[in-house]
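Computed from a predicted model, the values in this text were never measured in an experiment. Lettering follows sequence order; numbering is per chain, from 1.
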Number of protein chains: 2
Amino acid sequence: MSDAGSRRPTVYDVAQEAGVSIASVSFAFRRPERISEATRERVLAAARRLGYAPSAAARGLANGRTGILGLHAFDLMLERADPSDIAPPRPDTRRPPLDAGAIIPWSQTDDETLSDPRAFPLYVDEVQRGFALECWMLGRPVVLSSGSDSDVSVADTAGRVDGLAIFPSPVLPTALLRMPATIPTVLFSVAPGDDPHHRVRVDNAGGMSALVDHLVRDHGYDDVAFVGRQEGFDNAERFAAYRASLTRWGLRPRDEPIDGTVRGPHRMVEQLSALHASGALPRVLVCATDQHALMALDALAALGVRVPDDVAVTGFDGILAGRLSTPTLTSVRQPMEAMGRAAARILAGTAGPLPEGQTRFDAVFAPRVVIRHSCGC
Amino acid sequence: MSDAGSRRPTVYDVAQEAGVSIASVSFAFRRPERISEATRERVLAAARRLGYAPSAAARGLANGRTGILGLHAFDLMLERADPSDIAPPRPDTRRPPLDAGAIIPWSQTDDETLSDPRAFPLYVDEVQRGFALECWMLGRPVVLSSGSDSDVSVADTAGRVDGLAIFPSPVLPTALLRMPATIPTVLFSVAPGDDPHHRVRVDNAGGMSALVDHLVRDHGYDDVAFVGRQEGFDNAERFAAYRASLTRWGLRPRDEPIDGTVRGPHRMVEQLSALHASGALPRVLVCATDQHALMALDALAALGVRVPDDVAVTGFDGILAGRLSTPTLTSVRQPMEAMGRAAARILAGTAGPLPEGQTRFDAVFAPRVVIRHSCGC
DNA sequence: TTGTAGGCGTTATCAG
DNA sequence: CTGATAACGCCTACAA
């Protein structure tokens, strides 16, 4: 891509240029105090003249650490609103070449999602932002990676970092098997277990319980259904808490949660439409996530069902998009940015001492019910 | 941070465990076709048993490339809304230890910015998101870094990547001097120049011109001032275009742009307040960026000035926060995500052929006026 | 204060 | 198809 030029300059080149040994070059960069100011100057000047920059790979090899923290997301987590691009287009050949020279018109920029509130950051983005922010404060670079399970990608990035945080995925257990045992790892939203990995998660039960309390106590709803596949630890915990909470109020949860999938025979749209046709729509849809809730909002609008008048809808997560939907989304917000930061601190070793008798962190954050309009408030 | 355990397993360990040579181990991972299926299986099994993952540092050293693309932001770009944390708190010791074991209450999570629309992604975040997205599609990891100029940070990350994109900064020229000449580089929003670096930028003149046309033609405004320091290439271009456009309409631009700084003797708040006191507030404030505009909105609200009735305000950039302000912000949106993607493609070498006779890309994107309410519409 | 030499874990080359 | 062996670029005792 660039002017090939000659090969990258190394310590040897700089040493020769400056008329010193390679050790002096190294010292000039890393141990300023162990070298005379004069030679240091000479070395730095030579380095600049040659366009030299130390190779992180070589340094990493030499002292056994890369200095980078990593954050990995499996492809499944990267689903965007558009169902058509759920399958991540890998070797993407369909993009037109960059038409440099002329001004690139707006129409070629794929920025038309502007009007779609779902263009807003999702769960992953917000956690990631917190992670990156904390790393910035610590002065450490972050590497972001993604990949499917079949790839060696997780193990691959594990090889580049001093610590790795990983988003949840059905394929996580498999992937973890291929991971080096020696590198510190934080798992987001994964059930506690015997493995040596740290955890950062949210108190799903507490959040769901508070939400159901609001729906039943403050609104008097008694026909409350759950939307969202039980897939994943978070969703399962939320579903369990939904059941428990309703039961506590003496109400009967609907037995089968409504499926939250986007495609396939059990698509949410199809199910809601069937329920609507048979006049069996529940009074409230408690959704496993905000994304489910936003999808439900769309589906209901398409059916001509009014929210919250006919059906109330709630989400979980508190992503920004929920503030822009119509109606605005009542949800249970988890402190995503804080969770991302916590993971970074754990990996960087700045999270403080481990709790008494523990060998790893299990940080459970309290969520908070955020009441907006979709619940009927 | 982790259980120290013994040291990380290497090819030698795996080779011994599997009873083969280290070359076979390497082949098992990288050249499956050049090795018998049987030994490959044996090697992979051994590797799994040992918790082995190849070291990216060593690989990078061996074949001269890291496979990573980088994105660097100078600290100044990371300013957030809160003026109190403009100085980036580096070795941050004030954060409490992570209170694992119990549920971490909301109040300790720093997530209180929830109600502040400025918690939304800013310019840097949106570009970064596009960059990361494109890298994901290309299957390449991204490294995010930041630092001040005095640091070696830019050169430092330059040493870790195969290509580097850099956000604008007053200190950029200095930093570039310390950069290795051999690594492909993309500069965002930087004036064209003789250097070998690629450019990704926006047509400031076209955008500003269209905006002024709207203000003058459709609203009939004739007293239009500019807000925002002239610092930086983008802002300077926007200011120049503001002057030119007004002149073209036969109007007189105010000579001195209103300063957009957050602190110091020329704070925007102070200046607007003085203008207000002397009854000299302009009819329209054309701001260099959305962040300036949002700040102006706050300042005017505090003064009891109605927007857009008394004073109209416009921004530039089109960040998401402008959709949530009161009133919503009329702005000139640049396709930030597309710009981030373009940078990634240039660095990855998937941007297509260079334009005839060019040695580097200079991708200029067209912005688009987004009319909302702050202009009086 | 400066130079020499060995090692870090892979990949690549070249024999066998 | 497999196994030695030499880079790769930097760091760091250790020696001068």
For atom CZ of Arg160(A) and atom C1' of dG9(C), their distance in whole Å: 15 Å

Examine distances only and state if a side-chain atom of Ser169(A) and a backbone atom of Phe74(A) form a donor-acceptor pair shorter than 3.5 Å. no

Nearest-0.5 Å distance that lies between atom CG in Leu61(B) and atom OG in Ser55(A): 5.5 Å

Whether Arg34(A) side chain and Pro32(A) backbone form a donor-acceptor pair below 3.5 Å: no

Min and max contacting nt of DNA chain D in 5' to 3' order, chain A heavy atoms within under 4.0 angstrom, are dG9(D) to dT12(D)

Does the side chain of Arg341(A) come within less than 4.5 Å of Met137(A)'s, by heavy atoms? yes

Ignoring hydrogens and angles, state whether a donor on the side chain of Thr182(A) or Tyr52(B) is under 3.5 Å from an acceptor on the partner side chain. no

Shortest non-hydrogen pair, Arg42(A) vs Ala18(A), comes out as NH1-O, 2.7 Å

Any chance you could measure Leu144(A), atom CG, to Leu71(A), atom CG, to the nearest 0.5 Å? 5.5 Å

Would you find a donor on one side and an acceptor on the other, under 3.5 Å apart, between the side chain of Ser26(B) and the backbone of Ala23(B)? no

Under 4.0 Å, counting only non-hydrogen atoms across every strand here, what does Ala15(B) touch: a base, just sugar-phosphate, or nothing? nothing

Can you measure from CD (Glu33(B)) to CZ (Phe27(B)) and round to the nearest 0.5 angstrom? 9.0 Å

Strand-adjacent residues in residues 35-50 of chain B, judged by heavy atoms under 4.0 Å from DNA chain D: Ile35(B), Ser36(B), Thr39(B)

Is the ring pair Phe188(B)/Phe167(B) parallel, tilted or perpendicular, if the boundaries are 30 and 60 degrees? parallel

Return the value, rounded to whole Å, for the distance between atom CZ of Arg30(B) and atom P of dG9(C). 16 Å

If I take atom CD from residue Glu134(A) and atom CZ from residue Arg140(A), how far apart are they, to the nearest 0.5 angstrom? 11.5 Å

Across all chains, not counting sequence neighbours, the side-chain contact (heavy atoms from CB on, under 4.5 Å) partners of Glu37(A) are Arg40(A), Glu41(A)

Working note: Gln128(A) + Val142(A), criterion side-chain contact (heavy atoms from CB on, under 4.5 Å); need CA distance, chi angles, decisive distance, verdict. CA-CA 10 Å; Gln128(A) 178 180 302; Val142(A) 198; over 6 Å; no

Spacing between Arg31(B) atom CZ and dT10(C) atom P, to the nearest angstrom: 15 Å

Does some side-chain heavy atom of His198(B) sit less than 4.5 Å from a side-chain heavy atom of Leu187(B)? no

Expected output is a numbered-order residue list: members of residues 62-69 of chain A with a heavy atom under 4.0 Å from any atom of DNA chain C. What is it? Ala62(A)

Do side-chain atoms of Asp162(A) reach the backbone of Arg65(A) as a donor and acceptor pair under 3.5 angstrom? no

Sub-3.5 Å pairs of nitrogen or oxygen atoms, protein against nucleotides 13-16 of chain C:
none

Five-pair end axes of the helix from dT1(C)-dA16(D) to dG16(C)-dC1(D), angle between them (10°): 30°

Could you check whether Val20(A) gets within reach of a base, just the sugar-phosphate, or nothing at all, counting any heavy atom under 4.0 Å? sugar-phosphate

When you look at Asp13(B) and Arg8(B), which way does the salt bridge (Lys or Arg N to Asp or Glu O under 4.0 Å) test go after all the steps? CA-CA 9 Å; Asp13(B) 302 313; Arg8(B) 269 176 77 142; over 6 Å; no

Can you check whether Ser55(B) has a side-chain N or O nearer than 4.0 Å to OP1 or OP2 of dT10(C)? no

